[in-house]
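Worksheet: the structure to be examined is printed underneath.
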Amino acid sequence: MSRPVITISDLAGHVDQPVTLRGWVYNWRKKGKLRFIILRDGFGYLQCIVFRPEVDEEVWEKAVELTQETSIEISGKLVADERAPGGYELKVDNLKIIQIAPEFPIGKKDHGVDFLLNQRHLWLRSKRQHAIMRVRSEAQFAIRDFFQQRAYTLIDSPILTPAACEGTSTLFETDYFGEPAYLSQSGQLYLEPAVAALGKVYCFGPTFRAEKSKTRRHLTEFWMVEPEVAWMQFDGLLDLCEDFISSVISRILEECAVDLERLERDISKLEPATKGSFPRIDYGDAVKTLQTLGQEIEFGDDFGAEHETLLAGLHDRPVLVTRYPADIKAFYMQPDPTDPTRALAVDVLAPEGYGEIIGGSERSASLEHLEHQIEIHGLPRDAFKWYLDVRTYGSFPHSGFGMGLERFVAWMCGISHLREAIPYPRMINRLYP
RNA sequence: UCCGCAGUAGCUCAAUGGUAGAGCGGGUGGCUGUUAACCACUAGGUUGGGGGUUCAAGUCCCUCCUGCGGAGCCA
């Protein structure tokens, strides 16, 4: 009798048929002559039943030997049964042990954060982490599809760079054949020349910031997607942010329903964001609103985490805060033509306290203005020569933004800390495993 | 970097300055429908390191280390 080897994602087509599955023992329970084995194969979970009177003694002895995370090949008849989680179970008639696992560090009860992070390579096997990784993967493909379908060209920006993009002191330095080099903290400066070649571009890769931040919203290594569009001005940028977020969330809700349910994510909190119409609030109005709410903030201050949460909390979908004071924003931003003390910058604040997920701006197209800004910010003129060439050889209006993937994934999954939104988080004091 | 909290069994946590315990996990046994199964028994400890106070320190004091939460900064 031939038995197809199937995965748990493919049960429905094999009901009442003999099948073989391969995977790991997620959990097991014993009840006299019964053994319940929960098999995990990376695609799902399946309850397998070994009933002593109905199997060879040899099979029973193997079933008794099983431990959590033992790798096995298991065969039997797949049946539908309402008593089984998921609605299907396997009536086992054969069992092959690949390797008996010794006591698995991660058990059924709660563990501390430190312990779990030290076991991150094993923690990934848990249901919750599995679901988060599925959402992250889907988010990445949704993002790439969004740009691909709109004729953007993917431009991979370099990881090793000669200088700071935003002139901060939060760079990881490395030795590049005797010269200092830095791990990239943004691909933007490399996208701007590329957009003059290709019209619409984006990059999507890891970025590095040596900020000594110890908060739920920071990693030292995180993934950022950054589109850049030629001839796009500020209003177009705001539309792009909105269209982008709506589209990607819609796809997550469609494709990851099972994962979001496993994460017990309240979908109704995400649905408004699929419908567009994101509120757009002028920075000045946002400050007034915060003052009305009793916050001690003055025009000219940047928002803290609490301010962002308060502002976002007034709406059921992301909020676009626009036109920040120029001097609290990066040097390359285009001044507002109606008020040069303001920059054509936008931050997108996610609901439920997830904070800033996007930061973007129209870029300054003026060589003079940029040269002045570089001087004011005390940046080395020579290091930016190539960047300024964008404004020398046929300057043009253009805009772009950056979105942190982990912040987006954390929001989608409803998880409180970015460390769970990336397979192997890198944080201050944590480089293992 | 600053402020706050914590460190006790493999894990999660208890323990008025007075004999260090429980649950889970491990081991042994029982149970034909379990859903983090249950029941019984059992093994398992230099209480983060160093110093101090005290008749007596897991507990109080000093110091160092590690981690967590928050702030600033940002995506």
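Remember, predicted model here, so these are calculated numbers, not experimental data. The sequence lines fix the lettering, A, B, ..., with proteins before strands; numbering per chain opens at 1.
Nucleotides rC61(B) and rC11(B) place their C1' atoms 31 Å apart, quoted to the nearest Å. Taking atom C1' on both nucleotides, rU28(B) is separated from rG33(B) by 24 Å, rounded to a whole Å. Taking the C1' atoms as reference points, rU16(B) lies 13 Å from rC60(B), given to the whole Å. Comparing rU66(B) with rG49(B), their P atoms sit 15 Å apart, to the nearest whole Å. Spacing of C1' atoms, rG23(B) relative to rC38(B), comes out at 14 Å, to the nearest Å. For the P atoms, the distance linking rC39(B) with rG52(B) amounts to 48 Å, nearest Å. Between the C1' atoms of rA40(B) and rU63(B), the separation comes to 48 Å (whole Å). Distance noted for atom P between rA9(B) and rC62(B): 24 Å (whole Å).
Using a 4.0 Å heavy-atom distance criterion, Gly107(A) is classed as making no nucleic acid contact. Backbone-only contact: His111(A) has heavy atoms under 4.0 Å from sugar-phosphate atoms and none from a base. Nucleic acid contact class of Ile357(A) (heavy atoms, under 4.0 Å, all strands): sugar-phosphate only. Across all strands, Thr215(A) comes closer than 4.0 Å to base atoms (heavy-atom distances). Backbone-only contact: Arg430(A) has heavy atoms under 4.0 Å from sugar-phosphate atoms and none from a base. Within 4.0 Å (heavy atoms only), Gln68(A) reaches no atom of the nucleic acid at all. Across all strands shown, Phe51(A) has heavy atoms under 4.0 Å from base atoms, whether or not it also approaches the sugar-phosphate. Among the protein residues, Gly304(A) comes within range of the sugar-phosphate backbone only, with heavy atoms under 4.0 Å from sugar or phosphate atoms but none that close to a base. Within the 4.0 angstrom heavy-atom criterion, no nucleotide atom of any strand lies near Leu405(A).
Proximity note for Asp81(A) (side chain, C-beta onward) versus rC24(B), rG33(B), rU12(B): the nearest is rG33(B). Side chain of Glu211(A), nearest nucleotide from rC74(B), rC11(B), rG72(B): rC74(B). When distances are taken from the side chain of Val113(A) to each of rU34(B), rG70(B), rC68(B), the shortest belongs to rC68(B). Side-chain proximity of Arg83(A) to rG69(B), rU32(B), rU34(B): nearest is rU34(B). Between rC74(B), rC68(B), rU32(B), one nucleotide has an atom nearer to the side chain of Lys214(A) than all others, and that is rC68(B). Among rA71(B), rU32(B), rU12(B), the nucleotide with an atom closest to any side-chain atom of Phe115(A) is rU12(B). In the set rA75(B), rC74(B), rG33(B), the nucleotide with an atom closest to the side chain of Glu308(A) is rC74(B). Which of rG33(B), rG26(B), rG70(B) sits closest to the side chain of Trp28(A) comes down to rG26(B). For Glu103(A), taking side-chain heavy atoms from C-beta onward, the closest of the listed nucleotides rA75(B), rG33(B), rG26(B) is rG26(B). Nearest nucleotide to the Glu89(A) side chain, out of rG69(B), rG33(B), rU34(B): rG33(B).
For Arg217(A) against rC73(B), no side-chain N or O and base N or O form a donor-acceptor pair under 3.5 Å. A donor N or O paired with an acceptor N or O is found under 3.5 Å between the base of rC73(B) and the side-chain atoms of Ser213(A).
Interatomic distance, OG1 of Thr7(A) versus CG of Leu21(A), reported as 7.5 Å (0.5 Å rounding).
Close to rG69(B), at under 4.0 Å from its OP1 or OP2, lies a side-chain N or O of Arg419(A). The shortest distance between the side-chain N/O atoms of Asn429(A) and the OP1/OP2 oxygens of rU66(B) is not below 4.0 Å. Of the side-chain N and O atoms in Lys31(A), none sit less than 4.0 angstrom from OP1 or OP2 of rC31(B).
Listed by first residue number, the stems of RNA chain B with at least three Watson-Crick or G-U pairs below 3.5 Å are B:1-7 with B:65-71, B:10-13 with B:21-24, B:26-30 with B:38-42, B:48-52 with B:60-64.
Ring-base stacking between Phe36(A) and rG33(B) is not satisfied when judged by a centre separation under 5.5 Å and a plane angle under 30°.
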*Classify every nucleotide of nucleotides 38-46 of chain B by which part a protein heavy atom approaches to under 4.0 Å, writing B for the base, S for the sugar-phosphate alone and - for neither, in 5'-to-3' order.*
---------
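Between Leu122(A) atom CG and rG25(B) atom C1' there is a gap of 15 Å when expressed in whole angstrom units.
Comparing Gly402(A) and Ala84(A) along RNA chain B, the residue whose closest nucleotide (by nearest heavy atom) sits nearer the 5' end is Ala84(A). Projected onto RNA chain B by closest heavy-atom contact, Met224(A) and Gly32(A) fall at different nucleotides, the more 5' of which corresponds to Gly32(A).
Using modelled atom types and a 3.5 Å distance limit, the side chains of Glu226(A) and Ser186(A) yield a donor-acceptor pair.
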